[in-house]
Protein chains: 2
Amino acid sequence: MSGMRNIAIIGLGMMGGSLALSIKKSMFDCHIIGIDIDGSTSQQALTAGIVDAVASELKLGVAEADLVVLATPVGVSIRLLYQLYELGFNGIVTDLGSTKQALCETAIKLPGLKFVGGHPMAGSEIVGIIGANGTIFENAPVIITPMSDTDQTSVDAVCLLWERLHAHITVMDPVEHDHVVSIVSHLPYVAAIATMNAAGNLAQEKFAMFSFAAGGFRDTTRIAAGDPTMWRDIFCTNRSRIMHSITELKSQLDVLEQALLSQDGAQLLDFIKQAQRRRKCAVVPNSNVGMA
Amino acid sequence: MSGMRNIAIIGLGMMGGSLALSIKKSMFDCHIIGIDIDGSTSQQALTAGIVDAVASELKLGVAEADLVVLATPVGVSIRLLYQLYELGFNGIVTDLGSTKQALCETAIKLPGLKFVGGHPMAGSEIVGIIGANGTIFENAPVIITPMSDTDQTSVDAVCLLWERLHAHITVMDPVEHDHVVSIVSHLPYVAAIATMNAAGNLAQEKFAMFSFAAGGFRDTTRIAAGDPTMWRDIFCTNRSRIMHSITELKSQLDVLEQALLSQDGAQLLDFIKQAQRRRKCAVVPNSNVGMA
């Protein structure tokens with residue numbers, strides 16, 4: 001990729017590690033520098049050949065970089081934008097975070113910083129570099145969220161990166177993005193953690209009971225295993241929309257509760273059939289999208 | 001299996017079809033008769049070699065049977081118990097239903113009927129004979145729920161059947177069973193259908209939005225695709241316990257909502273971490289259990 005030989009990835013967790021592996025597979029001419037606050041994670045990534053070099057300091061790590069990818073929780077990414085601005089970093093900056101408005105509105109206040117927000121809709125609930133997987137972005141949707149004054153050359157370069165990794169790119173306004181993910185991503189996470197905490201209380205923490213759980217329990221709660229700091233930052237940067245999703249979820253539970261309370265079998269069946277119909281509309285069977 | 005050569009399976013949906021296929025794989029000496037209210041389903045099962053014979057009438061179908069398996073929604077199974085009693089059926093009767101108390105308490109009122117409740121914790125959200133899969137019961141937990149006066153020879157015979165299919169048997173009281181499944185199975189289903197209906201409302205039924213959904217959405221809502229009549233009957237026969245699960249789920253959503261409202265990042269992180277810890281306790285990674 002012309003003009004994008006040196007890529008620095010900040011945060012060598014599941015997402016950053018997966019991106020490094022994906023780039024290694026598809027873009028042989030790139031040199032990847034990994035930067036992580038945990039030195040042992042950096043060493044692990046280097047030893048495993050996930051990155052070509054590591055740096056313990058931001059300044060050193062990005063010195064030669066054409067592109068910096070923030071693969072950190074959104075709260076950390078916001079702080080890193082300020083730091084890159086203060087360093088006078090001249091290359092392109094993108095990220096992998098699950099909320100975009102807060103980050104893009106930070107970037108707009110930092111003149112000259114060439115930031116292009118990105119969000120690959122793929123991942124895994126496995127926390128850390130151990131979850132790195134070089135195939136999760138293949139055929140996955142990736143949303144790119146330029147602002148009106150974002151440098152077009154930078155947008156094109158970030159799109160080219162994802163094209164090379166065989167992802168499917170959609171360009172979207174950051175505000176619209178955060179609205180969409182509050183429904184298709186943050187709502188299911190809310191359901192998963194609330195279900196898991198409710199189940200733990202109802203079972204009085206007797207976890208042996210869950211040996212009788214089948215795939216339904218396992219799948220419904222899978223994303224509750226995800227990285228807590230990442231999710232805390234998602235809640236903090238998409239707070240009002242997620243609260244709206246919670247209100248709607250509670251209101252649906254009220255409808256269900258009312259049907260049970262009044263022993264209204266027809267209303268109950270309508271609710272169930274509506275969910276079944278909507279699931280069929282929303283999820284195309286065997287669609288090849290990434291996990292989490 | 002001595003004394004159990006002729007098995008009649010009533011209801012050739014995903015569960016009944018899967019049982020027929022499983023028996024065909026492991027118990028070559030059995031003859032399986034399929035009975036379904038839908039004649040075309042019966043013919044499909046016969047043509048595909050899933051069953052050895054079909055019958056359109058209960059009386060004909062069970063005439064030669066040593067064992068009758070009810071693979072119908074629980075409401076139908078309750079009616080079938082009465083019908084088998086009226087026919088003076090002399091063999092063993094078991095079922096695959098997700099609630100046990102209502103069925104077992106019906107059976108106890110029918111003197112001479114040799115009923116042993118059973119519940120394999122496996123399945124699939126694919127509705128109908130098309131979802132039949134001869135491997136889903138392998139290594140799956142199966143709960144058997146005899147009552148104090150249940151004929152022990154019948155209990156042994158039903159256990160032997162599941163052993164031959166390589167399932168893992170646990171004997172449990174029907175009331176305890178219904179309590180456990182209200183937490184490990186019915187609660188996740190409640191979460192899945194409420195999430196799906198909330199998502200549909202929030203998206204204003206614009207399902208194109210869900211092309212951006214990753215595996216988190218797909219997994220969290222997977223069981224919402226399950227058979228509506230089956231689930232309606234589960235709700236009706238485990239009503240008060242499921243209402244208790246809904247109350248607890250709503251109360252967990254209240255806790256989450258409160259943390260967001262008060263912008264209490266520490267409380268939010270505690271809630272998330274508790275869910276993550278409990279998920280790790282409840283679900284052993286890579287455990288080989290059946291789906292749904």
*Heavy-atom neighbours of A/Ile37 CD1 exceed 12 at 6.0 Å*: no

Against chain B, work out which of [options] has the most heavy-atom pairs shorter than 4.5 Å and name it.
options	result
A/Leu260, A/Leu249, A/Ile242, A/Leu268	A/Leu260
A/Ala192, A/Ser251, A/Ala224	A/Ala224
A/Val180, A/Leu202, A/Thr195	A/Leu202
A/Leu187, A/Asp254, A/Asn201	A/Asn201
A/Arg239, A/Lys273, A/Arg232, A/His179	A/Arg239
A/Arg277, A/His119, A/Gln263	A/Gln263

Which atoms of [X] approach chain A - backbone, side chain, both or neither, heavy atom under 4.5 Å:
X	result
B/Met172	side chain
B/Val127	side chain
B/Ile143	side chain
B/Phe271	both
B/Ser240	neither

*Derivation and outcome, side-chain contact (heavy atoms from CB on, under 4.5 Å), residues B/Gln276 and A/Met196*: CA-CA 8 Å; B/Gln276 189 197 37; A/Met196 196 58 248; over 6 Å; no

Please name the pair of heavy atoms, one in [X] and one in [Y], separated by the smallest distance, quoted to 0.1 Å.
X	Y	answer
A/Phe210	B/Ala282	CB-O, 3.4 Å
B/Ser211	A/Pro141	O-CG, 3.4 Å
A/Pro228	B/Leu269	O-CD1, 3.7 Å
A/Val184	B/Phe217	O-CB, 3.3 Å
A/Gly216	B/Ile223	CA-CG2, 3.8 Å

*With a 4.5 Å cut-off on heavy-atom pairs, point out which of B/Gly200, B/Ala191, B/Pro120, B/Ala208 contacts chain A the most.*
B/Gly200

_Most contacts with chain A, counted as non-hydrogen pairs under 4.5 angstrom, among B/Val142, B/Val255, B/Leu261_ = B/Leu261

*Could you walk me through whether A/Leu256 and B/Phe235 pass side-chain contact (heavy atoms from CB on, under 4.5 Å), step by step?*
CA-CA 10 Å; A/Leu256 186 55; B/Phe235 277 106; 4.3 Å; yes

*Before giving the answer on side-chain contact (heavy atoms from CB on, under 4.5 Å), spell out for B/Val181 and A/Phe212 the whole-Å C-alpha distance, their side-chain angles and the decisive distance to 0.1 Å.*
CA-CA 8 Å; B/Val181 292; A/Phe212 298 112; over 6 Å; no

_Any donor-acceptor N or O pair under 3.5 Å, side chains A/Arg279, B/Asn197_ = no

So, the side chain of [X] versus the backbone of [Y]: is there a donor-acceptor pair under 3.5 Å, distance only?
X	Y	value
B/Glu257	A/Ile246	no
B/Arg222	A/Asp219	no
A/Gln252	B/Ala198	no

*Quick one: are A/Leu253 and B/Leu253 in side-chain contact, heavy atoms under 4.5 Å?*
yes

*Is any side-chain heavy atom of B/Tyr189 less than 4.5 Å from a side-chain heavy atom of A/Thr220?*
no

_Does any backbone or side-chain atom of A/His244 lie under 4.5 Å from a heavy atom of chain B? Answer side chain, backbone, both or neither._
both

